There are 2 protein chains.
Amino acid sequence: MTSREESAETLRRAGHRVTSAKLLVMEALRHAGDHLSATSVIYQVRRDAPHVSESTVYRTLGALRDSRLISETTFGHGEVAYEWLEKRPHHHLVCSQCGVVYELSDEVVIGFAKQLSDTHGFDADLQHLAVPGICLDCSRGSEVAGK
Amino acid sequence: MTSREESAETLRRAGHRVTSAKLLVMEALRHAGDHLSATSVIYQVRRDAPHVSESTVYRTLGALRDSRLISETTFGHGEVAYEWLEKRPHHHLVCSQCGVVYELSDEVVIGFAKQLSDTHGFDADLQHLAVPGICLDCSRGSEVAGK
DNA sequence: CCCTCAGATGCAACAACTTGCAAGAGCGAG
DNA sequence: CTCGCTCTTGCAAGTTGTTGCATCTGAGGG
Ligand SMILES: [Mn+2]
Ligand SMILES: [Mn+2]
Ligand SMILES: [Zn+2]
Ligand SMILES: [Zn+2]
């Protein structure tokens, strides 16, 4: 099955109609295999189909996010980032000083969610966190500089 | 000391100049004692000083956030929320279904940050989280409805 | 095939910020 | 008190994302 056919099938299962705009957005994200801004998705979609409007892309990104096919995340800087969710669940650590973005496995976050469930009966929905802070390199660097 | 004088002193300590625009923004947030949108801050500031421009309020909110005098948080819905940080540190649980916002004490979150520090050497900066999920009432309700 | 109609789209207006630039105003030095 | 430097501010334009509405189209039923 081609990637496009897989996307079409995925759309149907999620209760969407199969349209070329949605397929193009999905293919852009699947092919990138990385975080993309809405602007960048718009650019890629329009390379193949210049008539597609910006609002359709924004609406499609929102719909795919609601169907949990993609993540939508705000890193501290720049635009909102979208990512195809086929890899294992993961999160990110974002250094506020140097800007580096690390990947974080799900385990620690699952533990946090369990705490919230146990202590507050709240079923947290943590799909793709971006945790701000200071990375190891930067905290070492400032120690040295501080001396 | 009046609240205004306290605010002025706080500004000086944070290395800002004491201006009426900054004082008005601070007083609006301190007096509200709750989360306010930028639009709402603008409205309140302009009741006293109609000449203050929107961009000044936005810039002031950004500056106060950078100085850690206020928190800036995105709840899942509506505008970004600002809050004066004088209460003890706290976070929130936001139900994606019914919209209710609970307050969450710092303890569980401190544990999470410690995990990140221990396992990744990352010094997380979690000032005022908004954790999305499903509240106890809503998960009970859907169980019942599901039968 | 053809109809129907709810969901999808394009377009333009709107909303929520953000930024470049020139003018204004704290505040420390003298 | 005055001067000067630097931080602040107002204004207008720009960016990013949202929404109302008329039109269009995918997909199931006949
Ligand atoms: Mn990711
Ligand atoms: Mn709060
Ligand atoms: Zn760093
Ligand atoms: Zn709820």
Side-chain angles (χ1 to χ4, degrees), chain A residues 4-5 7-29 35-46 48-67 69-82, chain B residues 4-5 7-26 28 35-46 48-67 69-82:
Chain A
R4 238 182 125 77
E5 284 164 347
S7 292
E9 184 54 32
T10 303
L11 277 179
R12 268 186 287 268
R13 255 177 308 175
H16 295 281
R17 290 186 181 168
V18 177
T19 68
S20 62
K22 288 210 178 84
L23 288 175
L24 286 166
V25 169
M26 290 171 81
E27 290 307 300
L29 288 165
H35 306 132
L36 290 184
S37 67
T39 308
S40 161
V41 172
I42 289 168
Y43 178 79
Q44 303 214 34
V45 166
R46 286 194 161 165
D48 294 352
H51 63 90
V52 174
S53 76
E54 295 191 3
S55 49
T56 293
V57 175
Y58 280 115
R59 278 191 276 228
T60 298
L61 290 170
L64 296 176
R65 177 246 294 136
D66 288 346
S67 301
L69 298 174
I70 65 176
S71 64
E72 178 187 81
T73 310
T74 303
F75 294 95
H77 49 281
E79 302 173 40
V80 173
Y82 296 90
Chain B
R4 238 182 124 79
E5 283 164 349
S7 293
E9 184 53 32
T10 303
L11 276 179
R12 267 185 289 266
R13 255 177 309 177
H16 295 281
R17 289 185 182 169
V18 177
T19 67
S20 62
K22 289 211 178 82
L23 288 175
L24 285 167
V25 169
M26 291 172 80
H35 306 131
L36 290 184
S37 67
T39 307
S40 161
V41 172
I42 289 167
Y43 178 79
Q44 303 215 35
V45 166
R46 286 194 160 165
D48 294 353
H51 63 90
V52 174
S53 76
E54 295 192 5
S55 48
T56 294
V57 175
Y58 280 114
R59 278 192 276 228
T60 299
L61 289 170
L64 296 176
R65 177 247 293 138
D66 288 347
S67 299
L69 298 175
I70 65 176
S71 64
E72 178 187 79
T73 310
T74 303
F75 294 96
H77 49 283
E79 301 171 42
V80 173
Y82 296 89

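Numbered from 1 within each chain, the chains take letters A, B, ... in sequence-line order. Worth saying up front: this structure is predicted, and the values here are computed from it rather than measured. Hydrogens, waters and symmetry mates are skipped; everything else that's a heavy atom, side chains included, is used.
- Side-chain atoms of Ser55(A) come within donor-acceptor range of the base of dC11(C), with a qualifying N/O pair under 3.5 Å.
- Summarising the geometry, the separation between NE2 on His77(B) and P on dT18(D) is reported as 15 Å, rounded to the nearest angstrom.
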Tell me, with the steps shown, if Glu72(B) and Leu64(B) meet side chain to side chain contact (heavy atoms under 4.5 Å, CB included).
-> CA-CA 10 Å; Glu72(B) 178 187 79; Leu64(B) 296 176; over 6 Å; no

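- Between Tyr58(B) and His16(B), the one whose closest nucleotide on DNA chain C sits nearer the 5' end is Tyr58(B).
- Remark: the backbone N or O of Ala63(B) is paired with a side-chain donor or acceptor of Ser67(B) at under 3.5 angstrom.
- A sub-4.0 Å separation between OP1 or OP2 of dG10(C) and a side-chain N or O of Ser53(A) is present.
- Nucleotide dA16(C) holds its P atom 9 Å from the CD atom of Glu54(B), rounded to whole Å.
- Between Thr19(B) and dT8(D) there is no side-chain N or O to OP1 or OP2 distance below 4.0 Å.
- In summary, the side chains of Thr56(B) and Ser53(B) do present a donor paired with an acceptor at a separation below 3.5 Å, with no hydrogens or angles considered.
- Here the P atom of nucleotide dG17(D) and the CG atom of Leu36(A) are 13 Å apart, to the nearest Å.
- Between the side chain of Arg4(B) and the backbone N or O of Leu23(B) there is no donor-acceptor pair closer than 3.5 Å.
- Here the nucleotide nearest the side chain of Ala21(A), chosen from dT9(C), dT9(D), dG10(D), is dT9(C).
- Under the 3.5 Å distance criterion, the side-chain polar atoms of Arg46(A) are matched with a main-chain donor or acceptor of Val52(A).
- Per the geometry, CG belonging to Leu61(B) stands 14 Å off P belonging to dA16(C), to the nearest Å.
- Checking dG17(D), dG10(D), dT8(D) against every side-chain atom of Lys22(B), the shortest atom distance belongs to dT8(D).
- Taking for each of Arg17(A) and Ala38(B) the nucleotide of DNA chain C with the nearest heavy atom, the 5'-most of the two is the partner of Arg17(A).
- At whole-Å resolution of the value, CG in Leu24(A) and P in dA8(C) are 16 Å apart.
- Note: CZ (Arg46(A)) to C1' (dC11(C)) measures 11 Å, nearest angstrom.
- Rounded to whole Å, atom C1' of dT18(C) lies 12 Å from atom CZ of Arg65(B).
- Not a single donor-acceptor contact under 3.5 angstrom links the side-chain atoms of Arg59(A) to the base of dT18(D).
- The distance from atom CG of Leu64(B) to atom C1' of dT9(D) is 15 Å, rounded to the nearest whole Å.
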